Each structure stands twice: as structure tokens, then as C-alpha cells.
Amino acid sequence: MNATVLRLSLRGLLGRRRALLLLLLPGVLLLLAVVIRLLAGSDEGVTRTLLGAFALGTLVPLLGLITGTGVLGPEIDDGSVVYLLAKPISRPVIVRSKLMVAIIAVTVFAALPTLLAGLIMSGLAGGLAVGYAVGALVAGVAYCALFLLLSVLTRNAVIVGLLYALIWETVLGGYVPGAQKLSVQQWALAVTRWIAGSEVRSAVGLPVGVVLLVVLFAGSTWYAGRRLSTLTLTSDE
Amino acid sequence: MTTLALEAVSRWFGNVVAVNGITMTIGPGVTGLLGPNGAGKSTLIHLMGGFLPPSAGTVALDGQPVWRNTSIYRVLGLVPEREAMYDFLTGYELVVANAELHGLPDPGAAADRALATVEMTGPAGRAVSTYSKGMKQRVKMATALVHDPAVLLLDEPFNGMDPRQREHLMGLLDEMGRDGRTVLFSSHILEEVEQIAGRIEVVVAGRHAASGDFHEIRRLMTNRPHLYVLRSSDDRALAAALMAEGACNGVRLEGDTLHAQAADFPRFARLVPSLARAGNIRLFEVAPADESLESVFSYLVGS
């Protein structure tokens with residue numbers, strides 16, 4: 001990893017108005033958690049529903065999308081990436097540094113708020129807070145790698161990523177059993193289930209979930225580095 | 001001594017051929033890459049800078065292929081045409097970051113030196129987003145110069161500069177050329193190239209149209225047959241007189257204008273007024289019809 005690339009990307013991601021967007025969803029999650037705790041008291045079923053549907057189902061994929069496509073994609077679009085690429089730094093190193101920034105962002109803005117929301121609603125009961133937070137972290141890391149790769153592959157990464165997150169994971173995943181098996185969310189839920197108990201539903205078992213997460217993460221990162229090595233800059237001519 | 005060598009390089013995008021079988025060698029000194037808009041200059045610079053693989057042929061820097069070879073950036077600096085930068089940084093931060101990315105031992109000192117070279121020390125504390133177009137251009141220059149490269153590629157560097165900035169950049173490039181660096185810049189304006197480039201490479205429609213000493217090519221350009229459009233009180237009589245005196249090797253009447261092709265430009269310029277006076281013809285307009293760079297280029301390609 002390259003410290004300068006890390007620093008530049010962190011400033012680029014957090015130093016702009018987009019950073020407020022990153023605070024919006026976790027803010028809503030924490031607010032909901034507080035309201036639920038005050039109105040309904042501590043209820044593990046409600047905690048599972050909120051953390052499953054909102055934290056893992058919405059917050060994590062959206063933040064993964066914003067940060068994964070946001071750390072490198074805009075630079076490729078506007079051409080400023082040339083200042084990174086015209087340097088004696090290997091392109092996979094650039095990808096890994098960018099990915100690190102995205103992972104830091106999902107950890108802070110998705111996994112950590114999930115942990116806090118779980119603690120607010122149920123404390124440490126049933127391992128729910130920790131289970132969902134770990135699930136959010138592994139899902140977030142996988143999403144970042146996937147969406148970062150998308151942003152190297154296509155200029156429409158945000159749209160393609162949204163389609164995947166909304167249509168594949170949410171709609172199809174809800175109706176088509178096979179689609180559920182190929183879903184980052186379900187793989188992460190397998191990890192959550194391992195920590196927080198069998199009340200949590202997951203379409204795949206733990207070994208399958210973990211292997212698929214690792215394969216997706218490593219494969220996406222490797223391929224993104226490869227594609228960035230042969231990135232062509234087109235002129236306006 | 002560093003040399004960029006293009007060997008039978010072609011590049012196409014789908015059905016469109018942007019660069020067509022170009023062989024050229026860019027050595028130390030300032031070289032101007034001249035051509036009309038859309039001729040393939042930017043494509044060539046991207047090929048030379050390692051940002052585009054040739055569809056055919058090879059591009060090499062001192063024998064090393066430039067495509068997929070990030071080590072070339074130790075000796076190569078690139079000033080892109082596009083303006084996007086990390087404009088949330090200050091000019092100083094941007095140049096320091098570039099020095100760090102190059103792995104220089106003292107990034108701060110290198111940045112100070114580069115900023116001083118382009119005369120941007122004063123505004124370096126301001127955010128890049130507040131800079132004028134000319135200042136952005138100079139900061140881009142500083143990022144490309146920060147590691148003291150032996151080869152500098154500049155894509156349309158004079159675009160958007162005011163005359164004073166232009167003068168300064170020309171002086172800078174000239175100095176770098178004298179230092180023995182290989183400097184290549186693209187331009188579609190003849191006068192820019194004329195002032196500083198010792199050598200020029202002319203590309204037209206993706207083809208290598210001319211190459212060599214600037215003055216040689218300039219002579220070819222001025223000696224070409226010039227086309228003129230004239231309007232007078234008696235076009236027919238004027239046309240006859242011009243042909244009879246041998247000032248033209250062709251005339252054509254079209255509506256109320258006379259198109260004349262001057263064979264010998266100085267002679268034509270002398271003869272038109274004197275023939276008009278002798279024939280008692282009033283001249284309303286005498287204008288060159290083909291002074292555009294495109295027509296100069298197409299003449300060069302044709303010859």
C-alpha cells in the first residue's frame with residue numbers, strides 16, 4: 001500500500017460534501033435504534049429485524065456502493081487518475097490503497113454504527129450486536145472490493161452496483177432461492193448466524209459463505225489491479 | 001540522452017483509425033507535434049506516455065516498451081490536456097503529493113523547486129480549485145517536473161494561457177531543450193510551434209505528414225501555390241491580365257468573385273495592384289482563400 005495514495009483518497013472521500021451522505025444512513029439507523037429501545041424496550045426479534053433489514057440489507061450495500069465506487073471511479077471519469085498512474089507505482093498497489101480507504105469508510109460508517117445500534121437495542125444479549133457488526137464488516141469489505149472493481153470496469157458503476165444491490169439482492173433474492181445463494185448479504189448472514197445463533201436466517205452455511213466472501217474479495221481486488229494496469233485514457237478528440 | 005521511438009505505430013478505435021502507420025524518433029531538444037484538431041495528436045501522446053497500447057507497431061523509450069511499464073515514469077513527465085486535478089488540495093500539497101508518489105527523498109524541496117521553476121511559489125498556498133486556467137496549467141507543469149524527468153510530454157500546453165504565461169512557458173521549454181531533455185509538445189497553432197521547436201512532426205488525419213527542421217517545412221508551406229479570392233469592378237479583364245502576365249497558373253470566375261491560383265506568391269502580390277491600375281480596374285477585395293492550417297497541412301500531405 002502507498003501512504004500518499006491513502007492520504008489523498010481519504011481527503012478526497014471525506015473532505016467533500018459527499019461525506020455528509022456517509023453520515024446520513026448510519027444516523028438514521030442509530031436514531032431508529034434509540035426510538036425502538038425507548039418505545040418497545042429490549043426485544044431480540046425487533047433487533048434482528050432492524051439490523052438484518054436496515055443495517056445489513058440497506059446501509060451496508062449502499063455505503064459499500066458509495067465508497068467502493070467513490071474512491072477511484074470519479075478520478076477515472078475526470079482524468080485526474082493520470083497523476084496517480086503516471087508514477088512508478090504498481091497499479092495493484094494503487095488498487096489496494098484505494099480499497100483500504102473504502103474499507104476504513106465502511107468500517108466507520110456501517111459496521112461501527114451497526115454495533116452501536118445493536119448495543120442500544122439489546123446490549124450484549126444473544127451476541128446480536130457483535131454478530132451483526134461482524135456480518136456488516138465482512139459484507140462491507142466484500143462490497144467495497146466488488147464495487148471498486150466495477151468502477152474500474154465501467155463508467156456506469158454506480159448504476160450497475162445499484163441494480164445488483166436492489167434487484168439481485170433484495171427483489172430476486174426474496175423470491176428466487178438460487179439467487180439468494182449468490183448474494184453477499186446472505187454470505188455475511190452466515191457469519192452473523194455463527195455468532196448470533198440460529199434465529200438468524202441465512203441461505204448458505206458458514207463454510208460456503210466464508211469461502212465465497214474470500215473468493216469474491218480476493219478475485220475482485222486482483223482483477224481490479226489487472227484492469228487498472230491496462231487502463232487506457234481516451235482523449236477528447 | 002533519452003529517445004522515444006515509434007515504429008510503424010497504428011491505433012484504431014473500432015472502425016476509426018486515429019493513428020496510421022507512424023514511425024518517428026523524438027530525441028533531445030524541443031519537438032513540436034503539429035496538426036489540426038482531431039489529427040491524432042492526443043492519441044499519439046497517450047501512446048508515448050504509456051496510456052494507450054498501439055494496435056500495431058511499437059512505442060519504446062530508450063528501447064524499453066512504454067505500455068504496461070510503470071518504471072518509465074521515473075524518467076518521463078506528462079502534462080495532460082485535461083484540467084481535472086485533486087483540486088481540493090493546495091498547489092503546494094498537490095506537487096508534494098506527486099513528489100511523494102515518485103518516491104523522492106525530499107518531497108518538500110523538490111516541490112519548492114518545481115513550483116519556483118513555473119513561478120507558482122506565491123499562489124502555492126491556495127486551493128487548486130481557485131486557480132485560473134493558466135495557473136492550473138503551470139501547476140500541472142510543476143507536477144510533471146517535480147522528479148526532474150529526462151522526457152517531458154505536453155498535450156496542448158498553451159491552451160488557455162495569456163500571452164505573458166505563454167511567453168514564460170516557451171522560455172521554460174526552450175531552456176529544458178537546451179539542457180538536453182527530450183521535450184515534446186502538441187499544438188494546432190503554427191506560430192506557437194515556430195517560436196520554440198527546433199524540429200516539428202506534422203500529423204494530419206492520423207498520418208505522419210512531415211518531419212524535420214522547422215524552417216525547411218516552413219519554406220515548403222510558403223512556397224506552395226496560394227489561392228486568392230478577388231472581387232473587382234471587372235473580374236474578367238483582371239483574370240485575363242493576370243493570366244497574360246503569368247502571375248497565375250489558373251483562374252476561375254464564380255459569380256462575382258475571381259479565384260486565382262498564384263504560382264509565385266511575391267510576384268503575384270506585386271502584379272495584382274499594378275495590373276489593376278493599368279487596366280483601370282477597381283479592386284474591392286483581395287483575400288487569401290486557404291490560409292487555414294488545414295489547407296497548409298493538406299498541401300503538405302499531397303506533396
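Every value quoted in this text rests on a predicted model; they were computed, and no experiment measured them.
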Let me see the working for Thr230(A) and Arg68(B) under side chain to side chain contact (heavy atoms under 4.5 Å, CB included), right down to the final yes or no.
-> CA-CA 7 Å; Thr230(A) 55; Arg68(B) 297 202 65 175; 3.6 Å; yes

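Rounding to the nearest 0.5 Å places NZ of Lys87(A) at 12.0 Å from OG1 of Thr70(B). For the atom pair OH (Tyr86(B)) and OG (Ser9(A)), the distance works out to 7.0 Å, reported to the nearest 0.5 Å. Here the OG-CD distance, from Ser80(A) to Glu83(B), works out to 12.0 Å after rounding to the nearest 0.5 Å. For the atom pair CD1 of Ile89(A) and OH of Tyr73(B), the computed distance is 11.5 Å after rounding to the nearest 0.5 Å.
For the options Ala18(B), Ala144(B), Pro53(B), Ala97(B), heavy-atom pairs under 4.5 Å to chain A are most numerous at Ala97(B). Taking chain A as the reference chain and counting heavy-atom pairs below 4.5 Å, the highest number among Asp87(B), Leu89(B), Ile72(B), Asn69(B) is found for Leu89(B).
For a heavy-atom cut-off of 4.5 Å, chain A lies close to Leu101(B), His102(B) in residues 101-110 of chain B. The stretch residues 59-79 of chain A places Glu75(A), Asp77(A), Asp78(A), Gly79(A) near chain B, each with some heavy atom under 4.5 Å from a heavy atom of that chain.
With Phe51(B) as reference, Val82(A) is the one residue of Leu231(A), Val82(A), Thr232(A) to meet the side chain to side chain contact (heavy atoms under 4.5 Å, CB included) rule.
Put simply, the side chain of Tyr83(A) does not reach to within 4.5 Å of the side chain of Leu78(B), judged on heavy atoms.
For Leu8(A), the parts lying near chain B are the backbone and the side chain together; criterion is any non-hydrogen pair under 4.5 Å. Proximity to chain B involves both the backbone and the side chain of Arg11(A), based on heavy atoms less than 4.5 angstrom apart. Heavy-atom distances place the backbone of Val81(A), and not its side chain, under 4.5 Å from chain B.
A pairwise comparison of heavy atoms in Leu233(A) and His46(B) identifies O-ND1, 3.3 Å as the closest pair.
Remark: Arg126(B) CZ is packed, more than 12 non-hydrogen atoms of other residues, nucleotides or ligands lying under 6.0 Å away.
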